[in-house]
Amino acid sequence: MHNGTTITQFIIEEQRHISGATGDFTSLLNDIVTACKVISNMVNKGELIGVLGSAGSENVQGETQKKLDILTNEVFIKSNEWAGHLAAMASEEMEEIYPIPAGKPRGKYLLTFDPLDGSSNIDVNVSVGTIFSILRCPGSGEAPAEKAFLQAGTAQVAAGYAIYGPSTMMVLTTGHGVNGFTLDQDIGEFILTHPNMTIPEDTREFAVNASNERFWELPVQRYVQECLSGTEGPRGEDFNMRWIASMVAEVHRILTRGGIFMYPLDSKMKAKGIGGKLRLLYEGNPMSFIIEQAGGMSITGRERIMEIQPENLHQRVPVVLGSKNEVQRVLDYHREHDAMDQE
Ligand code: P6P
C-alpha cells in the first residue's frame with residue numbers, strides 16, 4: 001500500500017529543500033508529469049485510436065519514425081511551451097532545437113527529451129517510455145542557440161522517465177536520491193510507491209544485444225564471455241541475461257533489482273563514424289543521473305558519461321550502467337586492455 005503522497009505534493013515538499021526556489025521548477029515538473037499522463041493514455045489506447053505503425057518519415061538519426069514518436073513529441077511541446085518556465089526544448093524527434101515561440105513567455109530552464117524511447121516495441125505491445133532532462137539556460141534571457149544545450153550531465157537540475165508498462169510509473173531525481181511513482185488511473189494521479197530507490201552494488205544479471213557480439217571491443221567480449229561461462233568460468237557463478245530493446249524498461253529493472261545494461265561501442269559504429277547507439281543529451285545523461293543518484297555507476301566503458309562535454313545536440317555515446325561493482329569491472333577490463341595496447 002502507499003501513503004498517498006502524490007507526485008505534485010512530493011515535488012512541492014522537495015522544493016522546500018531548494019533555497020530560493022520560486023515554484024518555477026515545481027511548476028515545470030508538473031507540466032512534464034501532465035505530458036506523461038497524456039502519453040500514457042495514448043500508448044494505452046494504441047490501435048483503438050489508430051496511433052500504431054510507421055509515420056513514413058525518419059528522425060535525425062535516420063531511424064523510421066512511428067506515428068507515436070511524432071504525436072508524443074507534439075504532446076511534450078504543447079504541454080511545456082506555454083507556462084514561461086523554459087527558454088527552449090530539444091528532442092530526439094526534432095533535428096533543431098525548439099525555442100519558445102515569440103509571444104509566449106521565456107523561462108530559465110532547458111528541457112531535453114526522448115518522447116517515446118523504445119518505440120520499435122510499441123507495435124508489439126512491449127513496455128516503452130519517455131526520458132527527460134532539465135538544465136539551466138545560460139545567458140540572461142535571450143533566445144538560446146543550440147550551444148546552450150551542450151552542457152555536461154553533471155549540470156542537470158533534474159532528470160526522470162515515465163515507463164508505460166503493466167503500470168505507468170514515473171521515476172524522478174532532482175539530485176536528492178531517486179523516487180518512483182505509480183499512476184493511479186482511477187484518480188489520474190502519480191502516487192509515491194517506490195521511495196528512495198537504490199541499486200544493489202552486485203548483480204548476476206546482464207542486458208546486452210548479443211547479436212552484436214562479433215563487433216564488440218575485446219573488453220566487452222571478455223566481460224560477457226565470463227558471464228556466459230558461469231560456474232565453469234572465472235566468475236564462478238551463473239548469470240542471467242535480459243534484452244528488452246527498450247532502455248527505459250532495462251533501467252527500471254536495474255533500479256528495482258540490480259543489473260548491468262550495455263550498449264557498447266562496436267566496429268559497425270566506428271566504421272560509420274558514430275560514437276554509439278544511444279544519445280547523450282536525452283538518454284545517456286538523464287539515465288546516468290538517475291543511476292548515480294540510486295548508487296549505481298554509468299560509463300562509456302572508459303569514462304563517466306556525466307562528465308562528457310557534448311559537442312552536438314544529437315551526439316551518441318556507448319553506455320554501460322547499473323550495479324556499481326559490475327560496471328567497475330567493465331571499466332577495469334577496458335583499462336587493462338588499453339594499457340596492453342600501449343605497451
Ligand atoms: P537494438 C530504442 O530504440 C533504443 O534507443 C533503446 O531504448 C534500446 O536500449 C536500444 O535502442 C535497442 O537497440 O539495437 O537492440 O534495437
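Numbering of ligands and ligand atoms starts at 1, following listing order.
- One hydrophobic cluster, built from ILVMFWY side chains closer than 4.5 Å, cannot hold both I12 and I134; they sit in different ones.
- Residue S120 places no heavy atom under 4.0 Å from ligand 1.
- The closest side-chain donor-acceptor pair between S79 and D31, if any, does not fall under 3.5 angstrom.
- Contacts of E63 with ligand 1, taken as heavy-atom pairs under 4.0 Å, are absent altogether.
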(message) The test is side chain to side chain contact (heavy atoms under 4.5 Å, CB included); show your working for V51 and K45 and say whether it passes.
(response) CA-CA 8 Å; V51 294; K45 288 214 169 36; over 6 Å; no
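- The contact set between ligand 1 and R279, taken as ligand atoms under 4.0 Å from a residue heavy atom, comprises 5 (O).
- Close approach of ligand 1 to D117 is summarised as follows: ligand atoms under 4.0 Å from at least one heavy atom of the residue are 5 (O), 6 (C), 7 (O).
- Following chains of ILVMFWY side-chain contacts shorter than 4.5 Å, one cannot reach V220 starting from F215, and the two form parts of different hydrophobic clusters.
- Using a 4.0 Å cut-off to heavy atoms of M247, the atoms of ligand 1 that qualify are 6 (C), 7 (O), 8 (C), 9 (O).
- Numbered from 1 in the order shown, with element, the atoms of ligand 1 that lie under 4.0 Å from a heavy atom of S246 read 7 (O), 8 (C).
- For the 3.5 Å distance criterion, the side chains of N285 and S133 fail to qualify, holding no donor opposite an acceptor.
- Each of the atoms 9 (O) of ligand 1 lies under 4.0 Å from some heavy atom of F261.
- Residues F25 and Y109 place their aromatic rings such that the two centres sit under 6.0 Å apart.
- Counting non-hydrogen atoms of other residues, nucleotides and ligands closer than 6.0 Å to CG of N312 gives a total above 12.
- Other residues, nucleotides and ligands place no more than 12 heavy atoms under 6.0 Å from the CH2 atom of W82.
- Ranking protein heavy atoms by distance to atom 11 (O) of ligand 1, first place goes to K277 CE, 3.1 Å.
- Proximity to E283 (heavy-atom distance under 4.0 Å) selects the following atoms of ligand 1: 5 (O).
- At a heavy-atom cutoff of 4.0 Å, ligand 1 is contacted by the side chain of L278 but not by its backbone.
- Regarding atom 14 (O) of ligand 1, its nearest protein heavy-atom neighbour is Y263 OH, 2.6 Å.
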